[in-house]
Amino acid sequence: MILTDEFRVERVASHQLHDLRRRVLRNDDAALYHPDARDDEVTSIHFGGLLGDRLVVSASFFPSSPPMNPTLVTYQLRYMATDFDVQGRGYGALVLAVAEDELRTLGAQQIWANGRDTALGFYRAVGWLSVEGSEHLSPETQLPHTVIFKRLDDDAQF
Ligand SMILES: CC(C)(COP(=O)(O)OP(=O)(O)OC[C@H]1O[C@@H](n2cnc3c(N)ncnc32)[C@H](O)[C@@H]1OP(=O)(O)O)[C@@H](O)C(=O)NCCC(=O)NCCS
């Protein structure tokens, strides 16, 4: 994992993430990219990874009842993306680590996502687990996804 002094993680406004989300997650096709209906709700939390003024990582969290452990306080991660030329430098992992710390302080016990199958290795590397039998095609992209989650509380029972 390579981290440099110039990389930092901040809370950002949703509009700062649209360009990166569209390019990395929707093949730079404006017709395929729509802001999330929950983007500007007060309970939504957006994190950006920045190199100087350039936003290179996006991660958005929305309070959400998950398909597993529904009694836990849970946020759904959506729009996890690292810009193409800086993937593999540890930036995505760092953004999630900062986000998890902040969400924990807000009382979150669990985070979950519909993870792209091509990205499952990333999520596994940073401690997420897959829900067996949850494989599905995303209705938005038609790409294979799997439900994944991570417990954030100390007495996590997997
Ligand atoms: C998946 C993605 C967000 C990972 O971000 P990143 O900044 O490149 O990841 P990092 O450099 O922080 O990687 C952290 C660890 O995950 C591993 N990893 C990253 N992407 C991986 C992948 N696709 N498959 C397997 N392992 C992967 C890294 O090797 C690293 O492991 P290490 O700690 O053992 O060295 C990024 O590749 C991306 O934006 N992909 C395209 C969009 C996408 O699929 N987003 C997820 C939607 S659910």
Side-chain angles (χ1 to χ4, degrees), residues 1-12 14-39 44-69 74-104 108 110-152 158:
M1 181 181 286
I2 302 164
L3 294 174
T4 68
D5 288 342
E6 40 173 6
F7 183 76
R8 66 190 192 281
V9 183
E10 292 181 359
R11 290 243 208 145
V12 296
S14 62
H15 70 82
Q16 294 174 259
L17 303 176
H18 295 323
D19 177 75
L20 186 66
R21 287 178 178 176
R22 186 192 68 251
R23 288 189 298 101
V24 178
L25 295 166
R26 294 296 182 271
N27 203 26
D28 203 13
D29 186 337
L32 295 178
Y33 178 69
H34 309 285
D36 194 288
R38 298 165 293 178
D39 266 346
S44 300
I45 306 174
H46 306 284
F47 293 92
L50 292 110
L51 278 175
D53 292 337
R54 180 184 165 205
L55 189 131
V56 295
V57 182
S58 72
S60 296
F61 289 86
F62 305 96
S64 166
S65 184
M68 83 302 293
N69 301 326
T74 308
Y75 285 74
Q76 180 182 6
L77 167 63
R78 294 209 69 197
Y79 311 110
M80 179 76 222
T82 299
D83 213 345
F84 298 107
D85 63 318
V86 295
Q87 289 178 6
R89 295 189 186 186
Y91 295 156
L94 189 62
V95 169
L96 283 188
V98 171
E100 288 168 21
D101 281 348
E102 286 209 28
L103 291 167
R104 238 184 241 108
Q110 177 180 244
I111 47 182
W112 78 281
N114 291 302
R116 279 190 190 184
D117 284 3
T118 50
L120 290 181
F122 164 71
Y123 290 109
R124 281 192 205 105
V126 293
W128 293 59
L129 299 173
S130 299
V131 176
E132 201 176 324
S134 67
E135 300 81 7
H136 61 282
L137 292 182
S138 161
E140 289 173 47
T141 62
Q142 296 304 311
L143 295 173
H145 280 66
T146 299
V147 176
I148 55 174
F149 71 102
K150 183 173 182 179
R151 287 285 296 262
L152 299 183
F158 298 114

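Throughout, residue positions are numbered sequentially from 1 according to the sequence presented. Counting starts at 1 for both ligands and their atoms, in listed order.
Using modelled atom types, one finds a donor on one side chain and an acceptor on the other under 3.5 Å when comparing T74 with Q110. Looking at R21 and S60, their side chains do bring a donor and an acceptor atom within 3.5 Å of each other.
Other residues, nucleotides and ligands contribute more than 12 heavy atoms inside 6.0 Å of the CD atom of Q142.
Ligand 1 places these atoms under 4.0 Å from at least one heavy atom of A119: 1 (C), 44 (O), 46 (C). Atoms of ligand 1 found under 4.0 Å from any heavy atom of G90 (numbered from 1 in listed order, with element): 10 (P), 11 (O), 12 (O). For ligand 1, the atoms sitting less than 4.0 Å from at least one non-hydrogen atom of G121 are 24 (N), 25 (C), 26 (N), 27 (C), numbered in the order shown with element in parentheses. Here is the list of ligand 1 atoms found below 4.0 Å of a heavy atom in V24: 39 (O), 41 (C), 42 (C). Short contacts between ligand 1 and L25, defined as distances under 4.0 Å to a heavy atom of the residue, involve ligand atoms 42 (C), 43 (C), 45 (N). Near M80, meaning under 4.0 Å from any of its heavy atoms, are these atoms of ligand 1: 3 (C), 43 (C), 45 (N), 46 (C), 47 (C).
Distance alone, capped at 3.5 Å, is enough to place a donor-acceptor pair between the D39 side chain and the D36 backbone. Between the K150 side chain and the V126 main chain, a donor and an acceptor come within less than 3.5 Å of each other. At distances below 3.5 Å, not a single donor-acceptor pair connects side-chain atoms of E6 with backbone N or O atoms of G52. Here the side chain of S64 pairs no donor or acceptor atom with the backbone of Q76 at under 3.5 angstrom.
In terms of N/O distances under 3.5 Å, ligand 1 is not approached by A81. Between N114 and ligand 1, not a single N/O pair is under 3.5 Å apart. For ligand 1, the polar-atom distance check against R89 finds a nitrogen or oxygen pair separated by under 3.5 Å.
Between R22 and D29, none of the side-chain N atoms (NZ, or NE/NH1/NH2) sits under 4.0 Å from a carboxylate O, so this pair counts as no salt bridge.
Contacts of A125 with ligand 1, taken as heavy-atom pairs under 4.0 Å, involve the side chain alone.
The shortest separation from a heavy atom of Y123 to ligand 1 is under 4.0 Å, placing the residue in contact.
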